[in-house]
2 protein chains.
Amino acid sequence: MATAREQAYLTLRRRLADGTYAPGSHLREEELAAQLGVSRTPVREALRRLDAEGWLRVVPNQGAFAFEWSVADIEEIFDLRALLEAHAVEHAATAPDQRGLDAMKAACELAERAFPGGDLAALEVISDANVRFHRAIWEMSGQARCRTILQSLAMPPMMLRNFRNFDAAGLRRSLDQHREMLTAIIAGNAAWAGAVMRAHVQAGRAVFLNAVVHGEAAAVAA
Amino acid sequence: MATAREQAYLTLRRRLADGTYAPGSHLREEELAAQLGVSRTPVREALRRLDAEGWLRVVPNQGAFAFEWSVADIEEIFDLRALLEAHAVEHAATAPDQRGLDAMKAACELAERAFPGGDLAALEVISDANVRFHRAIWEMSGQARCRTILQSLAMPPMMLRNFRNFDAAGLRRSLDQHREMLTAIIAGNAAWAGAVMRAHVQAGRAVFLNAVVHGEAAAVAA
DNA sequence: GGATGACACATTGCATACAATGTCGGTATC
DNA sequence: GATACCGACATTGTATGCAATGTGTCATCC
């Protein structure tokens with residue numbers, strides 16, 4: 001088994017992602033420790049790490065509170081993603097490697113096979129394939145810090161759940177953009193790949209903000 | 001007095017910046033705790049935070065090791081800074097506020113007064129003023145995450161010491177670029193401000209890499 | 001009735017003891 | 001002589017107890 005700290009970190013992150021903890025709610029160390037079957041020490045370290053990664057906020061002498069996302073937060077995160085994901089894919093296009101290309105291709109195919117079925121299970125698969133695709137780019141880029149930063153920006157709750165807000169046309173476009181990026185990288189055209197990535201992230205931003213405006217803000221909170 | 005954790009964090013960060021710990025050296029929890037007069041618990045938390053911020057690397061079951069910088073690391077960091085500092089200053093130029101402008105102006109004047117004397121004390125002042133100037137921009141930008149990321153990218157050792165590598169002309173140009181950014185922000189011209197910032201950071205990158213190539217790589221390590 | 005202070009409680013901060021893990025040296029074996 | 005194994009030591013990982021801090025309530029005073 002992994003270490004208690006790692007287990008606490010992963011469990012808490014999953015719960016923050018799936019909405020177990022309402023935004024703003026107070027996460028008490030002792031309570032979490034009891035639930036996870038470990039002591040407060042690894043829980044404390046997990047909370048500190050989740051704080052650094054933006055999942056929650058630790059206030060000195062008061063404890064951890066599940067993060068409350070504002071529209072401005074979401075806009076900032078999508079903008080930073082557009083900058084950094086484009087930066088990463090431009091590097092990837094400069095020095096592509098076969099393993100990474102295979103991973104990207106596999107992610108594309110996985111998503112495309114699931115696409116026709118528009119149910120929730122299909123969306124799970126597509127969402128997972130999406131993460132794989134982007135992660136493959138981060139790794140191929142060889143930019144370790146950029147990758148670390150993106151990991152903390154792209155993982156938080158609303159990013160993972162955003163796929164539910166896409167309509168069929170939006171999903172189709174998203175998958176097509178993945179294919180286009182793959183083509184651009186194989187062609188070694190960094191400017192092309194970067195431009196598609198910027199469009200890709202901005203499209204996601206638009207879908208998300210549109211969903212928020214149309215009263216599905218609950219999805220943000222969750 | 002601040003908390004033990006905060007004190008440990010600040011002390012260790014300062015030591016990592018001033019070269020007390022050689023790159024790659026093993027930082028033992030108990031030893032640090034004894035030196036700082038606190039227990040291992042706050043030291044552990046400080047080490048974890050320094051790991052997240054890129055000052056050192058914590059290997060599970062093995063402990064913390066002072067980070068060893070490669071040329072590729074430095075190039076990546078300067079490139080990310082160029083992206084993110086420009087992003088921040090573009091936001092700042094869109095919505096400038098008087099307090100931030102005053103802080104930037106004060107930082108410019110502080111550096112300019114110290115500039116003619118080219119000794120080490122003057123460089124200290126200029127380096128400090130530089131940090132103040134950039135921090136003022138980050139705060140004015142209103143981009144909280146961008147600011148957090150930049151703080152961890154811009155602080156590490158070689159950033160703080162890079163001023164020693166500038167010649168008089170380079171320093172002069174750096175100060176002029178600060179003034180130009182201030183002018184651009186006051187004019188509300190985000191594109192202008194962003195462009196100057198990109199040039200500013202890339203100039204710093206060139207100076208640094210030049211120093212490394214010319215055998216002053218020791219400065220990197222320190 | 002509203003404001004203020006003190007006290008009790010809940011919770012986090014820190015210290016310390018013990019357990020688990022990794023490293024390094026020595027020894028036996030091939 | 002090289003290598004694999006074993007065990008002692010050093011170090012980190014985790015649990016737990018106590019101290020410090022913050023919060024909410026209740027009584028008291030204005």
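Note: hydrogens, waters and symmetry copies are ignored here, and every other heavy atom, side chains too, is used. Note on naming: letters A, B, ... go to the chains in the order of the sequence lines (proteins, then strands), and numbering restarts at 1 for each one. Every value quoted in this text rests on a predicted model; they were computed, and no experiment measured them.
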query: Hey, where on DNA chain C does chain B first and last touch, going 5' to 3'? Cut-off is any atom under 4.0 Å from a heavy atom.
result: dG13(C) to dT23(C)
- prompt: On DNA chain C, nearest-nucleotide positions of Thr41(A) versus Ala64(A): which is more 5'?
  reply: Ala64(A)
query: Does Glu30(A) come within less than 4.0 Å of Arg44(A), counting only side-chain N to carboxylate O?
result: no
- line: By nearest-heavy-atom nucleotide on DNA chain D, the more 5' of Pro60(A) and Ser39(A) is Ser39(A)
- prompt: In terms of side-chain heavy atoms, does Trp138(A) have a donor or acceptor partner in Glu85(A) at a distance below 3.5 Å?
  reply: yes
- prompt: Does anyone know the first and last nucleotide of DNA chain D in reach of chain A, 5' to 3', at under 4.0 angstrom to a heavy atom?
  reply: dG13(D) to dT23(D)
query: Going by the side-chain hydrogen bond (donor to acceptor under 3.5 Å, both in side chains) test, which pairs reach into residues 59-68 of chain B, not counting sequence neighbours?
result: none
field: Residue among Arg205(A), Gln177(A), Arg81(A) satisfying side-chain hydrogen bond (donor to acceptor under 3.5 Å, both in side chains) with His200(A)
entry: Gln177(A)
task: Give a yes or no on whether the backbone of Gln7(A) and the side-chain of Thr11(A) come within a donor-acceptor separation of less than 3.5 Å.
output: yes
query: Just checking, any donor-acceptor pair under 3.5 angstrom between side chains of Arg13(A) and Tyr9(A)?
result: yes
field: Between Asp73(B) and Ser70(B), a side-chain donor and acceptor under 3.5 Å
entry: yes
task: Scan Leu27(A) against the nucleic acid and name what it touches under 4.0 Å (heavy atoms): base, sugar-phosphate only, or nothing.
output: sugar-phosphate
- request: Examine distances only and state if a side-chain atom of Asp51(A) and a backbone atom of Val58(A) form a donor-acceptor pair shorter than 3.5 Å.
  value: yes
Residue met sooner reading DNA chain D from 5', once Gln62(A) and Arg5(A) are mapped to nucleotides: Arg5(A)
